[in-house]
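To start, the structure itself, in structure tokens.
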Amino acid sequence: MGKEDFIRVYNKLLDFFGYQNWWPVHNNTDPFIGISIGAILTQNTSWKNVEKAIENLIREDLLDLEKLDKISQENLQKVIKPAGFYVRKAKTIKEFVKKIKNIKKEEITRDFLLSIHGIGKETADSILLYALDKPYFVVDAYTKRIFSRLGFFDEKLSYNQIQEIFHKNLPVGIEIYKEYHALIVALGKNFCKRKPVCTGCPLFDNCKFRIYNV
DNA sequence: AGCCAGGCCAAGC
DNA sequence: GCTTGGCATGGC
């Protein structure tokens, strides 16, 4: 599959879903903090649950580096509980906040983020792309599932290999990286689920796997 | 009433 | 290096 194919898929998704304008940002909060915390909270978790946790954080006025640094891990667990995996996530947020306070935003690198326990490649790239405007394509479960079903590449490729494919086949730019990933999530949520809903899928004609419930 | 969600890590090959 | 199990809530 070549560049035209990746662009064709992008355009079809864009035509169908329209611009997604990710990342969802909340009122009166520092976008960097909100996006970073959201990226940690949404690990293997539906965004609806994450929203509940973020609402709690906003209500407690906690979307702030100093306040997150001050609150105890135990209390933070309670606040973010609806997002699930709250023990680990609270620990990760605490470490993130602690480390981030001692560094300038311009100095935040992928390796720096990956050194934080509980932040892996996808979370790091989400923060880099959506919170720091750096050109890292985000690879998630939907990306693997959708493009392997399309027949573009094998689902078993590593994270870095898949990311490299997107970096090579798309014009470099944060806007297209942001929008493409958001559109992939839209397709994954609405059509290309674990159990796919192929009827009405905007990529039906492009897909090698259009064998389900049609 | 199960199954699933915008992963990550540790342990064991 | 790759695979597996644990982590947890709430929506559908």
Side-chain angles (χ1 to χ4, degrees), chain A residues 9-10 13 17 19-26 31 34-57 59 73-97 99 110-132 136-149 153-164 166 174 176-197 203 212-213:
Chain A
V9 165
Y10 173 75
L13 292 174
F17 290 109
Y19 281 100
Q20 304 294 298
N21 294 315
W22 264 24
W23 191 283
V25 176
H26 301 80
I35 292 168
S36 301
I37 301 302
I40 292 167
L41 291 177
T42 198
Q43 291 169 357
N44 203 38
T45 302
S46 68
W47 185 252
K48 298 222 167 182
N49 285 11
V50 175
E51 277 187 326
K52 292 178 186 300
I54 291 182
E55 283 166 18
N56 290 348
L57 287 166
R59 176 158 24 80
Q73 196 170 297
E74 292 70 27
N75 284 335
L76 183 56
Q77 286 177 21
K78 292 176 191 160
V79 178
I80 66 170
K81 195 162 192 169
F85 304 121
Y86 50 84
V87 175
R88 173 178 294 264
K89 286 174 180 175
K91 194 179 293 183
T92 300
I93 290 171
K94 292 294 288 179
E95 187 182 338
F96 172 80
V97 168
K99 287 197 170 181
R110 193 171 195 255
D111 282 339
F112 170 82
L113 292 170
L114 290 175
S115 75
I116 297 167
H117 190 85
I119 293 187
K121 291 169 185 170
E122 187 192 331
T123 308
D125 288 336
S126 296
I127 293 172
L128 289 165
L129 179 62
Y130 290 102
L132 295 168
Y136 289 83
F137 196 88
V138 176
V139 177
D140 66 347
Y142 289 139
T143 312
K144 293 182 185 176
R145 184 195 298 159
I146 290 169
F147 286 87
S148 63
R149 283 177 178 167
F153 52 73
D154 190 326
E155 186 159 19
K156 297 200 183 302
L157 291 184
S158 71
Y159 185 101
N160 291 340
Q161 286 175 314
I162 293 176
Q163 186 180 53
E164 196 178 333
F166 282 93
I174 56 171
I176 189 168
Y177 287 4
K178 286 182 181 180
E179 197 54 40
Y180 208 154
H181 174 65
L183 288 165
I184 285 168
V185 173
L187 187 76
K189 279 181 177 168
N190 292 291
F191 295 99
C192 211
K193 311 176 184 189
R194 276 260 279 258
K195 193 175 175 179
V197 180
L203 300 183
Y212 298 94
N213 54 358

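Computation of the quantities below employed the complete heavy-atom set of this structure, encompassing side-chain atoms and omitting hydrogens, waters and symmetry-equivalent molecules. In what follows, every chain begins at residue 1, and chains take the letters A, B, ... in the order their sequences are listed.
Atom pair A/I80:CD1 and C/dG10:P shows a separation of 12 Å (rounding to whole Å applied). If you measure from atom CD of A/E155 to atom C1' of C/dC2, you get 15 Å, rounded to the nearest angstrom. The nearest whole Å value for the distance from the CH2 atom in A/W47 to the C1' atom in B/dA5 is 13 Å. Rounded to whole Å, the distance from CG on A/N56 to P on C/dT9 is 14 Å. The NZ-C1' distance, from A/K189 to B/dC3, rounds to 17 Å in whole Å. Between A/I54 atom CD1 and C/dG10 atom C1' there is a gap of 15 Å when expressed in whole angstrom units. Between A/E55 atom CD and C/dG10 atom P there is a gap of 13 Å when expressed in whole angstrom units. A/L76 places its CG atom 16 Å from the C1' atom of C/dT9, with the value rounded to the nearest Å.
Distance CD/A/E95 to NZ/A/K91: 9.5 Å, rounded to 0.5 Å. To the nearest 0.5 Å, the span separating CD on A/E122 from OG1 on A/T42 amounts to 8.0 Å. Atom CZ of residue A/R145 and atom SG of residue A/C192 lie 6.5 Å apart, to the nearest 0.5 angstrom. Distance OG1/A/T143 to CG/A/L187: 10.5 Å, rounded to 0.5 Å.
By the side-chain hydrogen bond (donor to acceptor under 3.5 Å, both in side chains) test, A/K94 is found to be paired with no residue, residues two or more places apart in sequence or in another chain being considered.
OP1 and OP2 of C/dT9 both lie 4.0 Å or more from every side-chain N or O belonging to A/K48. Under 4.0 angstrom from either OP1 or OP2 of C/dC7 there lies no side-chain N or O belonging to A/Y86. Within the structure, every side-chain polar atom (N or O) of A/K81 is placed at least 4.0 Å from both OP1 and OP2 of C/dG10.
Looking at heavy-atom distances under 4.0 Å, A/K195 makes no contact with the nucleic acid at all. The residue A/V87 sits close only to the backbone: its heavy atoms come under 4.0 Å of sugar-phosphate atoms, none of a base.
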Go ahead and write out DNA chain C as dot-bracket, 5' to 3': ( ) for pairs within the strand, [ ] for ones crossing earlier pairs, | when the partner sits on another strand, dots for unpaired; Watson-Crick or G-U wobble, both distances under 3.5 Å. |||||||.||||
Is there a side-chain contact (heavy atoms from CB on, under 4.5 Å) between A/F147 and A/F166 once you walk through the steps? CA-CA 11 Å; A/F147 286 87; A/F166 282 93; 3.7 Å; yes
Apply ring pair (Phe, Tyr, Trp, His ring centres under 6.0 Å) to A/F96 and A/F112, showing your working. CA-CA 10 Å; A/F96 172 80; A/F112 170 82; 8.0 Å; no
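Between the P atoms of C/dG10 and B/dC8, the separation comes to 22 Å (whole Å). Between the C1' atoms of B/dG2 and C/dA8, the separation comes to 15 Å (whole Å). One P atom belongs to C/dC7, the other to B/dA1, and the distance between them is 25 Å to the nearest Å.
A residue-by-residue look at A/S46 and A/S158 shows that A/S158 has its nearest nucleotide of DNA chain C further toward the 5' end.
Closest of all the heavy-atom pairs between A/V139 and A/Y159 is O-CE1, 3.0 Å.
Side-chain atoms of A/K89 come within 3.5 Å of backbone N or O of A/L41 as a donor-acceptor pair.
Note: A/H181 and A/Y130 have tilted aromatic rings, judged against thresholds of 30 and 60 degrees for the angle between ring planes.
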Once each nucleotide of nucleotides 7-13 of chain B is scored for protein heavy atoms under 4.0 Å, what B/S/- sequence comes out, 5' to 3'? BSSS---
